[in-house]
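Each remark here refers to the structure printed beneath this line.
Note on naming: letters A, B, ... go to the chains in the order of the sequence lines (proteins, then strands), and numbering restarts at 1 for each one.
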Amino acid sequence: MARCIRIRKGRNLPLTGEAGRQWRDCRIPSVVRVPFYEFTAQDFRFLVQPHDRVLLGSPLLQKRNNPALVIVSPVSGRVTGIVRGERRIPEYLEIKTDIRQETVTPRPFSPERLPHLDRDEIIARMLEGGVWPFVCQRPFGRMADPSVLPQAVFVRAMDTSPLAPDINMILQGQEDDFLLGLSLVRRLTTGSTYLCHGPEAASRAIGDFPGIERAVFRGPHPAGNTGTHVHHLFSLSRGKVVWTFDVQDVIAVARLFREGVFCPWRVVALTGEGLPPDRRGYVRVMAGTPLESLTGAINPQAKVVAGNALWGVLREKSSGLGFMTNQLTILPGGSGRKFLGWLAPGENLFSFRRLFLSSFLPGTFFKMEICLNGSPRAIVLNDVYDDLVALDVLTFFLIKAILAGEIEEMERLGILECSPEDFALAAFACPSKTDIPALIARGLELMEKEGI
Amino acid sequence: MRFLRKIFDCAGEVFRPGRPLERLFPLFEAVDTFLFTPGETPRCAPFVRDAADLKRVMVTVIAALLPSALFGIYNTGYQAILASGKEPALMEAMMLGAHIVLPIILVSYLAGGFWEVLFACVRKRTISEGFLVTGLLFALTLPATIPLWQVAVGVSFGVVIGKEVFGGTGMNLVNPALAGRAFLFFAYPASISGDTVWVAVDGVTRATPLSVVASAPAGTNPVELLVSRGYDWSALFFGFCPGSIGETSRLACCVGLGVLLIAGVASWRIVVGCVLGLLAVSGLLLFFAGPQASAFMRLPPYWHMVLGSFAFGAVFMATDPVSSAATSFGRWVYGFCIGALVVVIRVFNPAYPEGTMLAILLMNIFAPLLDFVAVEWHVTRRNHRLQGAKGGR
């Protein structure tokens, strides 16, 4: 039986620009740009040089302190360049794709063998197969360390963030892979494995399975955040570690074991008001695909976010799709500076507080631009945050402790349960435009460096 | 507007680092973002932000203060004309009131604004909009006869010692407007207390309802006394009585409270706490009051609510989010103690019955302690939960 957990804190953002339910086509691009922003690229060593030939599934990078951990090529072709950014940190690797895609020799497990693999075998295959970077470890939300034993594994089969992809669309046609993946990641822990989903999950892949504890999270965003799930099902504190997966990560693990070769394909939702409605939708696409080939020509003022409007990374249109991206949000921008904006009645401006006419008008959805909507100031309204953070944390006091660098106080206030993502909604609402996720990240970094 | 924008874009160059007017950049930024929304784009998540910024919040607080300010202007004129023996007409009273009150507001803004800009420029940080509220609040807590130089001195003390020495807006311990008023109260008591300062006509003495009750001999029925002086409950509620400029109309305070609560800017816990504290303590005192008790002790709780600056203080001063407690528990206690202290000061300190200012300042000082208790409580609860869930549930 599933546990039902109702989240009362939080709010949904009424953004326009839904993906709809249509599937779009995407062909293998002639050039892919494999980006590294999802990993700390400094921790990796390149295994390929420009002009080398790579196959789908052949290793591109290797972790410096654990050579078994590799990131593999999503495509077969020839490396044409390694592009580095500030301080020579590698940004992406450009590969010119072959017309006929070739893979490394597949090493699948037979269906009879799959249920009997033990933890070490699974981890070893995940490491060399290139799916290990998908495993996220908490506290600190880093790439998992294969040498630790997590107390629990969390699989997140829901997303409540603005314009988030529908879980049923993602699972469509991949139900068996998901179930296989679930049975594999379950064996990574000796503790419980939690499958967390929302009330809207209708796929046959979501159900009661042996060894899996199912939990239904109802309520507004951030009910779908991993941080919320971990907080409500498991108490993360010093000395405890959990590993977390997204649906598509689990599917990627399953396909590696079933087909014997890395699967670079992901379902990505193309959303956002900056994209014309006929180009929004879902697309099955390969990691590294240049974003411009997915979005087409868009307004030069519009910005592409890998992720959603609340939590993601701003990406250039020419850059490639990341390995773990489920959603692209194209946000309109650049309507410029408005004269006496603080005096505007604001019939089309969205705010959680009733400070604009829009709060008193019917009309439920808003077109939001990529904009700070104000300038950074000292925190004045300090009661904004707690209703929007679905953790048992006093946000304002946690921020104070972080700013003061008080490691012990930070831990007492529960920073180990936090990840910057959980505070995105609080940062959205803050009238002083405080960058709370960045502060939380700073606190976690301090904690990791000195506290534990 | 494009033309104006272009002028500002050109002028802005002179204020960039390394240019001659670099030092005055905060002033430029303030004017620039006052005229045009900043239009900055965030470089990291979240990429969309709530449309409300601090400017909008502060403008809303000022809008909430407007009824009090307007009625204050009217009542100042009304009381002055009444004292000179004429029947006050609306427009006449407004004009006279504006003539008296607007200079006070203006001086408060100018003198306080000067310090705000000076500190921002020296510290190289932006000018906070919070001052727009402080400047008006401070002016509204003063009697209409206050000399303008004292306004300037008081607001300077409030802004510099009450706020800037702690690091500016958001870091202050006490409400800057009240700090300024407290300074005036102790430095120049003759201009801010007594019976001669409330009506802006020379030589006219008129006691505020508060001092009417305070000076009554023990055993007097306070309600009869007030009504006999022309202060029935509704007159006090609507605000036709002498007092500080903004405090007299409790109706205007209620309207302001409505605006603040609907907008979600003020904490309802504090306001409810204030009212509960006042009702509880005054009710308790009334319950124990014998026939020979002091007049204040025998005053019914609902009369306490329309006396003095309780309403104004509870709505606009106590709810200042920076100097009040920041936890829910802290806010309840903070509000309750303010309401209770107001009554305690009224009843047991007949020399100076107006206790709202001191009650709020005192609780401002105690707010961090209340928060400390609430945070410790929270941490204890957390630790219990974590221990109860060894190895996960």
Identify which of [options] forms the greatest number of heavy-atom pairs closer than 4.5 Å to chain B.
| options | answer |
| --- | --- |
| A/Asp392, A/Leu310, A/Leu381, A/Asn382 | A/Asp392 |
| A/Pro437, A/Ser237, A/Gly312 | A/Gly312 |
| A/Phe339, A/Phe366, A/Trp311 | A/Phe339 |
| A/Asp383, A/Leu394, A/Leu331, A/Leu349 | A/Leu394 |
| A/Ala438, A/Gly414, A/Ala378, A/Gly346 | A/Gly414 |
| A/Ser432, A/Pro376, A/Ser375 | A/Ser375 |

(message) Within the supplied structure, the quantity of interest is the number of heavy atoms (other residues, nucleotides, ligands) at a distance under 6.0 Å from B/Arg23 CZ; does it exceed 12?
(response)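 Counting other residues, nucleotides and ligands, CZ of B/Arg23 stays at 12 neighbours or fewer.
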
(request) State whether the number of non-hydrogen atoms from other residues, nucleotides or ligands found under 6.0 Å of A/Glu409 atom CD is greater than 12. (result)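 Count over threshold, so yes.
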
Just by distance, no angles: are the side chains of [X] and [Y] close enough, under 3.5 Å, to form a donor-acceptor pair?
| X | Y | answer |
| --- | --- | --- |
| B/Asp371 | B/Thr327 | yes |
| A/Arg377 | B/Thr126 | yes |
| B/Asp50 | A/Ser351 | yes |

Heavy-atom proximity to chain A below 4.5 Å, by part of [X]:
| X | value |
| --- | --- |
| B/Arg125 | neither |
| B/Val259 | neither |
| B/Asp32 | both |
| B/Val59 | side chain |
| B/Leu260 | neither |

(request) Kindly state each residue pair satisfying side-chain hydrogen bond (donor to acceptor under 3.5 Å, both in side chains) with at least one member in residues 52-65 of chain B, sequence neighbours excluded. (result)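 Applying side-chain hydrogen bond (donor to acceptor under 3.5 Å, both in side chains) to every pair that reaches into residues 52-65 of chain B, excluding sequence neighbours, yields B/Thr33-B/Lys55, B/Lys55-B/Glu129.
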
(message) Given the ring of B/Phe36, does B/Arg5 sit roughly above its face, with NZ or CZ under 6.0 Å from the centre of the six-membered ring and within 45° of the axis?
(response)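 Satisfied, under 6.0 Å and within 45°.
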
(request) Please find out if less than 6.0 Å separates the ring center of B/Phe34 from that of A/Trp342. (result)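 Centroid separation for B/Phe34 and A/Trp342: below 6.0 Å.
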
(message) If you take the centroid of each ring, where Trp contributes its six-membered ring, are B/Phe25 and B/Phe15 closer together than 6.0 Å?
(response)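 No, the ring of B/Phe15 stays outside the 6.0 Å limit from the ring of B/Phe25, centre to centre.
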
(message) Suppose a student defines contact as a heavy atom less than 4.5 Å from any heavy atom of chain B. Which residues in residues 353-360 of chain A would they list?
(response)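 Hits under 4.5 Å: A/Arg353, A/Arg354, A/Leu355, A/Phe356, A/Phe360.
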
Heavy-atom proximity to chain B below 4.5 Å, by part of [X]:
| X | answer |
| --- | --- |
| A/Val393 | both |
| A/Ala152 | neither |
| A/Val380 | both |
| A/Asp435 | side chain |
| A/Phe396 | side chain |

(request) Taking the side chain as every heavy atom from C-beta outward, state whether A/Arg138 and A/Leu236 have any atom pair closer than 4.5 Å. (result)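 Heavy-atom side-chain distance check passes, below 4.5 Å.
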
(request) Could you check if a side-chain atom of B/Glu40 sits within less than 4.5 angstrom of a side-chain atom of A/Cys371, using non-hydrogen atoms only? (result)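 Not touching, per the 4.5 Å side-chain cut-off.
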
(request) With side chain to side chain contact (heavy atoms under 4.5 Å, CB included) as the test, would you mind laying out the steps for B/Phe138 and B/Tyr109 before giving the verdict? (result) CA-CA 9 Å; B/Phe138 176 72; B/Tyr109 269 138; over 6 Å; no

(message) Any side-chain to backbone donor/acceptor pair from B/Ser128 onto B/Gly130? Under 3.5 Å, distance only.
(response)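 Side chain of B/Ser128 to backbone of B/Gly130, a donor-acceptor pair under 3.5 Å: yes, one is there.
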
